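Notes to accompany the following structure.
Note on naming: letters A, B, ... go to the chains in the order of the sequence lines (proteins, then strands), and numbering restarts at 1 for each one. Owing to the predicted nature of the structure, the values given are computational and were not obtained by experimental measurement.
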Amino acid sequence: MKQLLPLLIEWYRENKRDLPWRRTKDPYRIWLSEIMLQQTRVEAVKPYYERFLAALPAIKDLAEAEEELILKLWEGLGYYSRVRNMQTAAQQIMKEYGGALPADYEKLRSLKGIGTYTAGAIASIAFGLPHAAVDGNVLRVLSRIFLDAQDIGLEATKKYWKEELENVLTGEIASDVNEGWMEVGATICLPNGEPKCGICPFREYCGAYRQSVIHLYPVKGEKKARTVERLQVVFLTDGKRVALRKRGPGLLANLWELPNGGAEISLPSLLHLWGILDGEITPMRHRKHIFTHVQWDMDCYFVQTKSTEDTPFLWLEPDRITEEYALPSAFRAVWAEGRKKLQ
DNA sequence: AACTCGGGGCC
DNA sequence: GGCCCAGAGTT
């Protein structure tokens, strides 16, 4: 490992992409970028990152923000507990650290939403501390170079590589080494049999390349099959306003949704449960939405009613919903179709 | 150690 | 249709 680092650092300094969060050492901005980038691609993050910082430029602003606002700023990015945890952490930071992220790995690690990867990333990038940041990119690259057949999904594997790296890291190089391995993984050592070995600076040192077994690495365990849920989704309107409901804990926690229910009962029965007895039903397009572990098959309906009283909904004008209420992507297509019909 | 938690872009 | 992504929290 150690003899590869000078090459890595040189390659990284020459080839790193110009990303918004690489133009700052502000710990808050580094932190935000790392949270947004969890399981999320760089291109998806960019516009969210800029918008979030414009709205909440400092940790104090995040700590004091309304939950509606932070969810709206995260709308469409997914894994919404990330931003709720981040706000909790911001409040911890205001109370315990005077409003500044602590320059200490264990203290970072103790903050809500900051795990081993993110603590290592912030410690090294923002504070120049000698900690490793082992993400999926790093595991893929190192498993190929060193022909390591450990399952990269296992905690033990991540721990192994974290220690391997920290044996050779100093504060001086930790940031570039961590970002360097990630950059190799993100731009050259790609998953799915499409790595660009032809331009890889580590080709001659790469065990998997030399043995022509790149496609066999990294090793990872089986994944669980996705379950299917059938839903009835209703664009419910009185002709001017639209019904919205706030979700509870679990999937898409605390976000807003169009009224919906299971497919086990009829639509008129469902409407009846909501106190809608005069619903005028027009079918809309059937839609499918795929999450990581669940698939929603949605039977969608446009329903016109006069009875908005005594319903479990918030009745809002469409413009207000668009501007203020976080509606997850699963409902976006049916929302757009319903809104079009409304006009 | 296994599950839950989003969304999109690529093949 | 399956892939995976700058993972963390809960059980």
Same-atom distance ([atom1]) from [N] to [M], integer angstrom:
| N | M | atom1 | answer |
| --- | --- | --- | --- |
| B:dC5 | C:dC4 | C1' | 15 Å |
| C:dA6 | B:dC11 | C1' | 22 Å |
| B:dG6 | C:dT11 | P | 16 Å |

Mutual orientation of the aromatic rings belonging to A:Trp335 and A:Phe235 [parallel < 30°, tilted 30-60°, perpendicular > 60°]: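 Ring orientation, 0 to 90° scale: tilted.
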
Ring geometry between A:Phe202 and A:Trp181 (parallel below 30°, tilted from 30 to 60°, perpendicular above 60°): tilted

Taking only side-chain nitrogens and oxygens of [X], does any of them come within less than 4.0 Å of OP1 or OP2 of [N]?
| X | N | answer |
| --- | --- | --- |
| A:Gln38 | C:dA6 | no |
| A:Thr118 | C:dA8 | yes |
| A:Tyr80 | B:dG7 | yes |
| A:His289 | B:dG7 | yes |

A:Glu337 with A:Lys340: basic N within carboxylate O range, under 4.0 Å: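 Not counted as a salt bridge, because no side-chain N and carboxylate O are separated by less than 4.0 Å.
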
Spacing between [X] atom [atom1] and [N] atom [atom2], to the nearest angstrom:
| X | N | atom1 | atom2 | result |
| --- | --- | --- | --- | --- |
| A:Leu71 | B:dG6 | CG | P | 11 Å |
| A:Arg17 | C:dC5 | CZ | P | 13 Å |
| A:Trp74 | C:dG7 | CH2 | C1' | 12 Å |
| A:Leu154 | B:dA1 | CG | P | 7 Å |
| A:Ile152 | B:dA1 | CD1 | C1' | 16 Å |
| A:Lys158 | B:dA1 | NZ | P | 11 Å |
| A:His215 | C:dC4 | NE2 | P | 14 Å |
| A:Ile30 | C:dA6 | CD1 | P | 16 Å |

Between the base of [N] and the side chain of [X], is one N or O donor paired with an acceptor at under 3.5 angstrom?
| X | N | value |
| --- | --- | --- |
| A:Thr292 | B:dG6 | yes |
| A:Thr40 | B:dG6 | yes |
| A:Arg82 | B:dC5 | no |

5' priority, DNA chain B, between A:Arg41 and A:Val294 [closest heavy atom]: A:Val294

Which residue lies more 5' along DNA chain B, comparing A:Ala156 with A:Gly250 via nearest heavy atoms: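 Final value for this comparison: A:Ala156.
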
More than 12 heavy atoms from other groups under 6.0 Å of CZ on A:Arg51: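 Yes, enclosed.
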
Atom NZ of A:Lys159 with >12 non-hydrogen neighbours under 6.0 angstrom: no

Pick base, sugar-phosphate or nothing for [X], based on heavy-atom distances below 4.0 Å to the nucleic acid.
| X | value |
| --- | --- |
| A:Ile114 | sugar-phosphate |
| A:Tyr79 | base |
| A:Leu255 | nothing |
| A:Ser33 | nothing |

Ring centre gap for A:His289 and A:Phe291 strictly below 6.0 Å: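 Between A:His289 and A:Phe291, the centre distance is under 6.0 Å.
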
